[in-house]
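Okay, structure first, notes after.
Quick caveat: nothing in here was measured; it's all calculated off a predicted structure. Worth knowing before you read on, the calculation uses all heavy atoms, side chains too, and leaves out hydrogens, waters and symmetry mates. Naming: A, B, ... by sequence-line order, numbering from 1 per chain.
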Amino acid sequence: MIDARAARNDPDEFRRRLARKGAAEQFDAWLAADERWRAVVPRVDELRAKTKVKGKPTPEQLEELTKVKGELKQAELELVEADAARELLLSQLPNPPDNSVPDGYAEEDAEEIRTWGEVPQLDDPKEHTDIGRFDMERAARLSGSRFGYMIGDTALLALAVYRFALDAVAAEGFLPVLPPVLVREEAMYGTGFFPTDRSNIYALLEDDLYLTGTSEVALAGLHMDEILEELPLRYAGFSTNFRREAGAAGKDTRGMFRVHQFNKVEMFVFCEPSASGEEHEHLLSIEERILQGLQIPYRVVNVAAGDLGAPAAKKYDCEGWFPAQQRYRELTSTSNTTDFQARRLGIRHRGSGKSPETIHTLNGTAVTDRTVLAILENFQGDVPDVLRQYGAPATVSR
RNA sequence: GGAGGGGUGGCAGAGCGGUCGAAUGCGGCGGUCUCGAAAACCGUUUCGGGCUUUUGGGUCCGACGAGGGUUCAAAUCCCUCCCCCUCCGCCA
């Protein structure tokens with residue numbers, strides 16, 4: 001959620017920035033609704049003040065009170081309506097992009113920042129399904145399409161990758177967390193997945209619970225409605241993630257590349273507003289170090305404004321090389337969500353000033369199951385030595 | 001799943017129709033004392049919103065888990081929901 005007061009004070013600047021995400025009209029609609037609301041508030045406050053009587057009222061006062069309360073009821077009705085309209089529009093506004101984010105709306109509009117590693121020259125690169133042991137057919141029979149089993153050496157390799165990543169980020173001061181994956185609606189709203197991304201979330205209607213698509217939800221929600229004493233706080237969550245992949249029909253249908261369920265080690269940071277830029281670069285550097293440790297060739301891109309998603313003000317993706325596809329594909333992603341999630345979740349801290357100040361939050365991927373696929377495909381079954389101490393086999397076969 | 005108890009400020013914990021945004025203690029902050037510190041003593045200390053402001057503030061409104069209701073008046077009474085605790089049952 002954006003800072004309403006700040007937006008009110010500098011509407012032109014907010015409109016300019018939001019226009020880069022295609023939300024200029026939405027912003028104007030909110031501004032109008034906000035103005036209407038602000039017109040009703042003083043009227044209600046004034047009438048309420050009139051209803052305040054100390055002690056037992058006299059008969060004359062009683063008569064006056066019933067009159068005022070009639071007016072008040074009407075005004076309060078208006079207020080509720082105006083407030084709901086303004087709140088709804090506000091909740092739908094995305095986080096304005098940072099000025100260092102490139103223009104554009106598509107994945108291709110991202111700006112390449114650098115590449116690392118040598119792309120392997122392979123005559124006839126096999127895909128992960130032909131190297132590791134994935135059982136897609138039986139998983140489909142059990143759960144439907146876009147599910148898979150990882151079996152044997154492949155399972156051990158995956159577990160080693162998670163553990164390797166967890167160690168790497170723990171060394172950077174991130175506290176390991178095994179979070180809930182089933183959360184309430186408020187947590188989804190607070191993190192900005194609702195209302196924008198609702199179609200990608202699995203819902204358990206019987207219980208009003210939702211399966212998280214990333215442990216970011218549970219990690220951000222960890223400090224919901226709190227005033228934090230010490231910052232920064234850095235966490236690393238490991239969880240299984242669930243995504244409906246609505247709108248990805250026909251896309252990446254081969255193997256385990258894009259599935260409804262996968263595992264991920266996720267970094268999450270709560271920090272002071274002035275520190276989030278630096279924290280973001282730090283998250284990116286950790287992601288790169290992990291990919292380098294695993295010897296996966298990759299490139300880093302600065303994602304275009306219109307492709308950011310609602311909560312992010314800036315996002316870097318690290319894309320690993322996939323030999324069979326002959327292209328770089330997203331492996332990790334780190335976002336600076338500035339105060340967008342923290343404001344929705346009510347997370348603040350006591351700064352130098354008078355009243356508590358909304359903090360900033362950031363997230364970044366350490367590794368996912370897709371990282372495992374990148375290892376399999378780039379080395380065609382050989383396993384990086386660093387993973388041996390975490391229980392990975394020397395080579396993976398089917 | 002069954003039976004009971006409870007949710008109040010950063011924490012603990014009173015209040016159970018009006019004088020309560022809320023006693024008291026702890027913690028925090030400022031001060032006195034001291035070479036310095038501790039102790040003691042004095043003062044201060046919830047959050048959100050609108051308007052206003054010579055940026056110190058001023059002013060009004062809202063909030064005692066959430067939402068509804070009763071009443072001239074609700075932290076206090078009633079209803080629904082959420083959460084926590086205890087006992088029993090079940091269970092990895």
Side-chain angles (χ1 to χ4, degrees), chain A residues 1-11 14 30-91 93 178-191 194 203-210 217-218 220-231 233 238-240 270 272-273 339-359:
Chain A
M1 198 155 67
I2 65 165
D3 182 342
R5 216 180 307 190
R8 219 181 266 147
N9 288 338
D10 196 359
F14 269 79
W30 168 75
L31 215 53
D34 184 61
E35 209 164 309
R36 184 182 156 223
W37 174 77
R38 283 191 298 152
V40 188
V41 168
R43 267 174 46 215
V44 171
D45 282 359
E46 213 172 296
L47 287 169
R48 276 181 184 157
K50 281 196 203 169
T51 65
K52 300 209 164 208
V53 176
K54 300 227 169 189
K56 205 169 161 59
T58 63
E60 302 83 69
Q61 283 180 313
L62 257 175
E63 200 183 321
E64 174 68 16
L65 277 172
T66 34
K67 210 183 101 207
V68 174
K69 287 194 76 175
E71 274 182 72
L72 180 60
K73 193 139 201 171
Q74 190 55 45
E76 277 184 330
L77 224 64
E78 263 181 76
L79 181 67
V80 166
E81 205 183 299
D83 187 47
R86 155 186 173 276
E87 233 10 275
L88 180 70
L89 287 164
L90 188 64
S91 77
L93 285 178
L178 298 176
V181 296
L182 227 41
V183 302
R184 298 213 184 148
E185 195 168 30
E186 298 105 270
M188 286 296 186
Y189 267 103
T191 42
F194 285 1
L204 280 76
L205 299 174
E206 283 282 289
D207 300 282
D208 282 322
L209 289 170
Y210 301 86
V217 177
L222 182 60
H223 292 299
M224 208 186 310
D225 291 321
E226 289 184 32
I227 297 175
L228 300 173
E229 297 291 341
E230 274 188 41
L231 291 173
L233 292 171
F238 171 77
S239 78
T240 301
F270 301 84
E272 297 195 26
D339 59 356
F340 188 84
Q341 292 179 330
R343 179 163 295 107
R344 287 174 167 234
L345 289 165
I347 306 174
R348 297 167 296 170
H349 90 299
R350 298 198 184 275
S352 50
K354 1 59 234 172
S355 50
E357 173 187 34
T358 301
I359 63 160

*Using the P atom on both, measure U45(B) against G58(B) and round to a whole Å.*
12 Å
_Salt bridge or not between E78(A) and R43(A)? Use side-chain N to carboxylate O under 4.0 Å._
yes
_Nearest-angstrom distance from the residue atom CG of D34(A) to P of C51(B)_ = 9 Å
*Paired with G27(B) by Watson-Crick or G-U wobble geometry, both distances under 3.5 Å: which nucleotide is it?*
U45(B)
*Which whole-number value in Å describes the distance from K50(A) NZ to G62(B) P?*
15 Å
*Reckon R38(A) has a side-chain N or O less than 4.0 Å from the OP1 or OP2 of G49(B)?*
no
*Locate the shortest heavy-atom distance separating V40(A) from A82(A); write the atom from each residue and the value.*
CG2-CB, 4.5 Å
*asked:* Rounding to an integer number of Å, can you tell me how far R5(A) CZ sits from U52(B) P?
replied: 13 Å
*Closer than 4.0 Å, any side-chain N/O of R348(A) to the OP1 or OP2 of G48(B)?*
yes
*asked:* Using every non-hydrogen atom in the two residues, find where M1(A) and R344(A) come nearest and quote the distance to one decimal.
replied: N-NE, 3.3 Å
_Between G57(B) and U19(B), how many Å separate the two C1' atoms, rounded to a whole number?_
28 Å
*Got a second to check how far E186(A)'s CD is from F194(A)'s CZ, nearest 0.5 Å?*
11.0 Å
*How far does the P atom of G9(B) sit from the matching atom of C88(B), given to the nearest Å?*
31 Å
Between the protein and nucleotides 80-83 of chain B, list every N/O to N/O distance that falls short of 3.5 Å.
unit_1: C82(B); atom_1: O3'; unit_2: R184(A); atom_2: NH2; d: 2.7
unit_1: C82(B); atom_1: O2'; unit_2: R184(A); atom_2: NH1; d: 3.3
unit_1: C82(B); atom_1: O2'; unit_2: R184(A); atom_2: NH2; d: 3.4
unit_1: C83(B); atom_1: OP1; unit_2: R184(A); atom_2: NH2; d: 2.9

*asked:* Between C60(B) and G21(B), how many Å separate the two C1' atoms, rounded to a whole number?
replied: 15 Å
*asked:* Using heavy-atom distances to pick each residue's nearest nucleotide on RNA chain B, tell me which of T51(A) and R86(A) is more 5'.
replied: R86(A)
*So among D339(A), L231(A), I227(A), L233(A), which one has a side-chain contact (heavy atoms from CB on, under 4.5 Å) with I359(A)?*
L231(A)
*asked:* Please determine whether side chain to side chain contact (heavy atoms under 4.5 Å, CB included) holds for the pair R36(A) and E81(A), giving the CA-CA distance in whole Å, both sets of side-chain angles, and the decisive distance to 0.1 Å.
replied: CA-CA 10 Å; R36(A) 184 182 156 223; E81(A) 205 183 299; 3.6 Å; yes
*Heavy atoms under 4.0 Å is the rule here; annotate nucleotides 25-30 of chain B 5' to 3' with B where the base is hit, S where only the sugar-phosphate is, and - elsewhere.*
------
*Taking the same atom, C1', in C87(B) and in C81(B), what whole-Å distance lies between them?*
25 Å
*Paired with C64(B) by Watson-Crick or G-U wobble geometry, both distances under 3.5 Å: which nucleotide is it?*
none
*Kindly indicate, with the supporting measurements, whether the criterion side chain to side chain contact (heavy atoms under 4.5 Å, CB included) is fulfilled by R184(A) and L209(A).*
CA-CA 5 Å; R184(A) 298 213 184 148; L209(A) 289 170; 4.1 Å; yes
*Does any N or O in the side chain of E226(A) come within less than 3.5 Å of the main-chain N or O of I347(A), such that one atom is a donor and the other an acceptor?*
no
*Quote, to the nearest angstrom, the P distance that separates G18(B) from U76(B).*
11 Å
*Smallest separation among heavy atoms of R8(A) and W30(A), with atom names*: N-CH2, 4.5 Å
*Whole angstrom is fine here: how far is it from CD in E78(A) over to P in C61(B)?*
20 Å
*Can you name the nearest heavy-atom pair linking L345(A) to T191(A), along with the distance?*
CD1-CG2, 4.3 Å
*Nearest 0.5 Å, what's the CG-CG distance between L93(A) and L88(A)?*
10.0 Å
*Whole-Å distance between U71(B) C1' and L72(A) CG?*
15 Å
*Separation of atom CD in E226(A) from atom P in C11(B), rounded to whole Å*: 10 Å
_Closest contact, heavy atoms only, Y210(A) versus M188(A)_ = CB-CE, 3.7 Å
*Syn versus anti for G56(B), judged by chi lying within 90° of 0?*
syn
*Provide the closest heavy-atom pair for A218(A) versus P180(A) in the form atom of the first, atom of the second, distance.*
CB-O, 3.5 Å
*Under a 3.5 Å cut-off for both distances, is G17(B) Watson-Crick or wobble paired, and to whom?*
none
*Spacing between D207(A) atom CG and G1(B) atom P, to the nearest angstrom*: 10 Å
_U32(B) - base-pair partner by Watson-Crick or wobble geometry, distances under 3.5 Å_ = A40(B)
*If you measure from the C1' atom in G7(B) to the same atom in A63(B), how many Å do you get, rounded?*
16 Å
*Please work out which residues in residues 39-49 of chain A have a non-hydrogen atom less than 4.0 Å from an atom of RNA chain B and list them by number.*
V41(A), P42(A), D45(A), R48(A), A49(A)
_Pairwise C1' distance, A14(B) and U24(B) [rounded to whole Å]_ = 7 Å
*C87(B) pairs with which nucleotide, Watson-Crick or G-U wobble, both distances below 3.5 Å?*
G2(B)
*Let me see the working for R48(A) and L72(A) under side chain to side chain contact (heavy atoms under 4.5 Å, CB included), right down to the final yes or no.*
CA-CA 7 Å; R48(A) 276 181 184 157; L72(A) 180 60; 3.9 Å; yes
_Could you tell me how far apart E76(A) (CD) and G49(B) (P) are, to the nearest whole angstrom?_
20 Å
